[in-house]
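Each remark here refers to the structure printed beneath this line.
Every chain is numbered from 1 and lettered A, B, ... according to where its sequence line falls, protein lines coming before strand lines.
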Protein chains: 2
Amino acid sequence: MATLADVARLAGVSQATASRIVNGSAKLVTEELRTRVLRAVAELQYVPNAHAQQLARARRSAVGIIVHDVSDPYFAEITRGLQRVATAHGRLVMICNSYRDPDRELEYVELLRAHQVAALILAGSGYHDAAFTGALVRKLEAYLGTGGRLTLIGRHELTGNCVVPENEPGGYLVGSEVFALGHRRVGVIAGPAVLTTTSDRLAGVRRAAREHGRAVPARRIAYGNFDRDSGATAAAHLLDANPGLTAIIALNDSMAVGALAALRARGLAVPRDVTVTGFDDMPVARDVTPALTTVRLPLVEMGARAMAIALDETGDEPRVERIPAELVRRASTAPPRR
Amino acid sequence: MATLADVARLAGVSQATASRIVNGSAKLVTEELRTRVLRAVAELQYVPNAHAQQLARARRSAVGIIVHDVSDPYFAEITRGLQRVATAHGRLVMICNSYRDPDRELEYVELLRAHQVAALILAGSGYHDAAFTGALVRKLEAYLGTGGRLTLIGRHELTGNCVVPENEPGGYLVGSEVFALGHRRVGVIAGPAVLTTTSDRLAGVRRAAREHGRAVPARRIAYGNFDRDSGATAAAHLLDANPGLTAIIALNDSMAVGALAALRARGLAVPRDVTVTGFDDMPVARDVTPALTTVRLPLVEMGARAMAIALDETGDEPRVERIPAELVRRASTAPPRR
DNA sequence: CTTCCTCAGGCAAGCGCTTTCCTGGAGGAC
DNA sequence: GTCCTCCAGGAAAGCGCTTGCCTGAGGAAG
């Protein structure tokens with residue numbers, strides 16, 4: 001592996017000069033030397049050792065993001081936005097998947113601190129777990145202590161920069177829609193109970209229910225883990241436990257799609273027999289039959305905002321950005337048959 | 001930011017001892033000192049500077065992967081497999097999105113070389129572009145010169161470790177299915193013409209056509225870019241340019257889903273009026289209506305194999321792993337109406 | 001009581017780069 | 001001709017860590 005010293009030797013200049021030419025320092029250098037050095041660089045296929053550079057200079061280059069799972073469309077979209085802005089700023093992005101394991105999340109925060117990332121983005125729901133949250137806050141503070149920047153996506157339980165989707169209002173929106181259509185026996189497919197995203201969305205649905213003089217009893221809530229198959233299973237449970245159910249509100253689109261599959265398997269038509277709604281407005285929501293009524297969250301935009309905030313050095317005050325949710329009516333909802 | 005020197009000072013030991021304790025070296029250390037050092041680490045919230053470690057020691061830790069776009073389900077699945085194995089080996093993964101820009105791909109190879117990654121995985125189709133391929137080979141060789149490991153996914157045009165999905169046989173499989181059903185006017189929605197994945201799959205379809213005494217003339221091929229919307233547009237073009245078209249073979253599932261939407265918009269029923277097929281067997285293929293007949297590629301598995309090969313130090317010979325494609329019959333195919 | 005061995009622990013030399021500070025020569029002003 | 005200024009280029013001090021090698025104390029063996 002060629003080093004800067006090799007380049008300098010080949011070009012017949014000092015290492016200092018070579019360094020200045022290679023990374024375009026402010027210091028002036030003769031054209032003559034410049035070409036000699038550049039030729040040596042090309043000849044040796046020299047690429048500066050990023051670790052040595054990082055160690056020697058103060059400024060950081062890479063940014064790190066921690067998501068639950070990039071292959072989940074929800075995070076894939078957010079990541080897309082994150083990347084777009086990072087790339088525009090010439091930053092390399094290191095992506096870490098916690099796979100919804102709080103401990104792994106903690107480890108990754110440390111890992112990224114070790115890598116001295118310029119910015120850290122934590123995306124994804126928080127957990128209802130005071131011990132974990134405490135540990136996380138401590139690690140994040142340690143990270144901030146190194147001078148790095150931080151933005152949280154969807155975790156209002158912590159302080160600092162954050163971008164929060166309006167989960168509760170979104171739940172309210174979709175809940176209102178379903179109850180206003182006249183549904184009385186409404187089941188909910190929730191995400192993992194430990195996630196704040198779940199409880200927030202659920203709270204919104206409950207608020208809507210209350211306004212319509214209804215409630216969502218525990219037997220009408222089934223917990224999935226936000227993926228398609230768990231949605232199918234949960235829908236089946238709901239149907240078994242609640243004869244006469246006329247609507248299912250899934251707290252994300254993947255589970256709604258699973259519910260659709262489960263319903264189809266039972267020969268139930270949507271929305272004729274059962275109304276189904278999703279949440280997030282993933283691309284798939286448009287393509288299933290019937291197309292899903294859901295709540296749109298501008299995920300790419302959320303990612304982009306988060307990265308922009310993290311990379312914007314001027315901000316001194318912690319910034320909190322609320323991302324509004326919006327109801328998207330499609331074909332999966334209808335009034336109940338009497 | 002606490003350094004190892006701070007830890008050593010606080011614990012009252014030499015930096016060497018502190019280092020050995022912190023990263024569990026083979027060298028023996030008294031229990032007494034160990035606890036003192038560990039206490040100091042906890043108190044200072046010490047995390048070793050990854051760059052300094054990387055610089056000082058020979059072995060590399062992180063691995064890098066370059067994909068076209070993680071938010072594309074195809075790559076999301078591959079990435080999932082890649083990550084799973086990397087995590088099992090205790091490696092941090094740095095993901096880079098080239099967004100199908102060859103130049104960016106080149107840049108990322110350099111960037112990851114600069115970061116001294118232990119392994120580099122290049123996922124995604126190659127390009128029909130000799131100049132680019134040459135440049136890529138040179139950069140990859142420079143990377144290999146640093147002692148890093150490399151695995152290519154889906155690029156048979158380069159040598160070295162690689163995992164190649166059987167695109168041509170897959171195209172043949174789906175083509176045979178459609179022609180055997182009796183379709184004569186068959187349109188193809190291809191991916192970008194510069195990608196080898198496109199030409200390989202298309203070649204398979206053409207081979208099947210030939211075997212059935214048919215052909216795929218240029219007017220029955222529309223080029224998309226592998227995403228849903230381009231599939232919808234391409235399907236519309238195909239329909240306009242070819243009255244009487246009875247089948248559409250899309251070279252990936254996203255575009256097939258787009259085609260389904262375009263067909264629905266025109267009031268054409270699938271498969272009654274038009275047969276549609278996909279490729280890749282993404283999760284969405286099961287959930288659209290009708291469910292897509294497609295070609296399954298075990299993407300997660302491909303990612304996992306690729307990372308395993310890259311991380312397996314014992315391999316001296318370049319390894320080539322062919323991943324078989326498999327036809328999955330669902331509801332989107334039927335014989336043409338007479 | 002020597003001598004030798006063993007092994008915990010410390011010293012210090014790098015890893016590859018950036019950057020401050022210094023040097024020496026060229027050119028201008030007097 | 002002398003002195004000053006200016007600036008291109010080089011020497012060298014780290015950045016934070018690992019690790020080969022050395023030291024010295026304690027114990028076993030003679």
Side-chain angles (χ1 to χ4, degrees), chain A residues 1-38 40-41 44-62 110-111 113-118 145-147, chain B residues 1-38 40-41 44-62 110-111 113-118 145-147:
Chain A
M1 181 95 185
T3 71
L4 186 60
D6 298 330
V7 171
R9 204 173 310 121
L10 181 59
V13 301
S14 77
Q15 193 169 316
T17 302
S19 169
R20 294 199 259 256
I21 292 171
V22 168
N23 56 46
S25 113
K27 189 127 178 178
L28 297 175
V29 174
T30 341
E31 204 48 42
E32 146 77 6
L33 291 192
R34 156 163 281 111
T35 56
R36 285 222 311 261
V37 168
L38 260 21
V41 165
L44 297 172
Q45 291 232 56
Y46 170 74
V47 172
N49 180 320
H51 299 288
Q53 275 187 320
Q54 174 66 47
L55 192 57
R57 69 171 145 220
R59 65 177 176 283
R60 290 102 176 282
S61 52
E110 269 199 10
L111 191 62
R113 168 149 78 104
H115 277 261
Q116 310 268 92
V117 292
T146 71
Chain B
M1 180 96 186
T3 71
L4 186 60
D6 298 331
V7 171
R9 201 174 311 121
L10 182 59
V13 302
S14 78
Q15 194 171 315
T17 303
S19 168
R20 296 198 256 257
I21 291 171
V22 168
N23 55 48
S25 116
K27 189 128 180 177
L28 298 174
V29 174
T30 345
E31 204 49 42
E32 147 76 6
L33 291 193
R34 156 162 280 108
T35 56
R36 275 202 343 240
V37 169
L38 259 22
V41 165
L44 296 172
Q45 292 232 57
Y46 169 73
V47 171
N49 180 323
H51 299 288
Q53 278 188 318
Q54 173 66 47
L55 193 58
R57 71 171 145 219
R59 64 177 175 281
R60 289 104 177 280
S61 51
E110 268 198 12
L111 191 62
R113 168 149 78 104
H115 278 262
Q116 309 269 93
V117 292
T146 70

(request) Specify the separation, in whole Å, of atom CG of N49(B) and atom C1' of dC17(C). (result) 14 Å

(request) Using atom CZ of R20(A) as one end and atom C1' of dA12(D) as the other, report the distance to the nearest whole Å. (result) 12 Å

(message) So which atom in T146(A) and which in R113(A) form the shortest heavy-atom distance, rounded to 0.1 Å?
(response) CG2-CD, 3.7 Å

(request) Examine dG16(D): is either OP1 or OP2 under 4.0 Å from a nitrogen or oxygen in the side chain of T3(B)? Give yes or no. (result) no

(request) Report the distance from atom CD1 of I21(B) to atom CZ of R34(B), rounding to the nearest 0.5 Å. (result) 5.5 Å

(request) Give, for atom CG of L55(B) and atom CD of Q54(A), the distance between the pair rounded to the nearest 0.5 Å. (result) 11.0 Å

(message) Among dG10(D), dC17(C), dG9(C), which nucleotide has an atom closest to any side-chain atom of Y46(A)?
(response) dC17(C)

(message) If we ignore hydrogens and angles and just use 3.5 Å, is the side chain of S14(B) paired with the main-chain N or O of T17(B) as donor and acceptor?
(response) yes

(message) Without decimals, in angstroms, what is the distance between E32(B) CD and dG9(C) C1'?
(response) 13 Å

(request) Assign S19(A) to base, sugar-phosphate, or nothing according to its heavy-atom contacts below 4.0 angstrom with the strands shown. (result) base

(message) Please give me every residue in residues 50-57 of chain A whose heavy atoms get under 4.0 Å of an atom in DNA chain C, ordered by residue number.
(response) A52(A), Q53(A), A56(A), R57(A)

(request) Drop me the distance from Q53(A)'s CD to L4(A)'s CG, to the nearest 0.5 angstrom. (result) 9.0 Å

(message) With a cut-off of less than 4.0 Å, is there a side-chain N or O of T30(B) near OP1 or OP2 of dG9(C)?
(response) yes

(request) Measure from the side-chain N and O atoms of T30(B) to the backbone N and O of E32(B), and report whether any donor-acceptor pair falls under 3.5 Å. (result) no

(request) With axes from five pairs an end, tell me the bend angle of the helix from dC1(C)-dG30(D) to dC30(C)-dG1(D), nearest 10°. (result) 50°

(request) On DNA chain D, check which nucleotide each of A5(B) and S14(A) is closest to and give me the residue with the more 5' one. (result) S14(A)

(request) Identify the two heavy atoms, one from R36(B) and one from V13(B), that lie closest to each other, and give their separation to 0.1 Å. (result) NH2-CG1, 3.8 Å

(request) Could you check how far CZ of R34(A) sits from C1' of dG9(D), rounded to whole Å? (result) 13 Å

(request) Give the rounded distance in Å between these two atoms: CD of Q116(B) and P of dC15(C). (result) 13 Å

(request) Could you check how far CD1 of I21(A) sits from C1' of dT18(C), rounded to whole Å? (result) 14 Å

(message) Checking the side chain of H51(B) only, and the main-chain atoms of H115(A) only, is there a donor and an acceptor separated by less than 3.5 Å?
(response) yes

(message) Distance check needed: dA8(C) C1' versus Q15(B) CD, whole Å only.
(response) 18 Å

(request) Can you spot which of V22(B), L10(B), D6(B) makes a side chain to side chain contact (heavy atoms under 4.5 Å, CB included) with Y46(B)? (result) V22(B)

(message) Between C1' on dC15(D) and CG on L4(A), what's the gap in Å once rounded to a whole number?
(response) 16 Å

(message) Taking the minimum atom-to-atom distance to the side chain of A16(A), which one of dG9(D), dG10(D), dC17(C) wins?
(response) dG10(D)

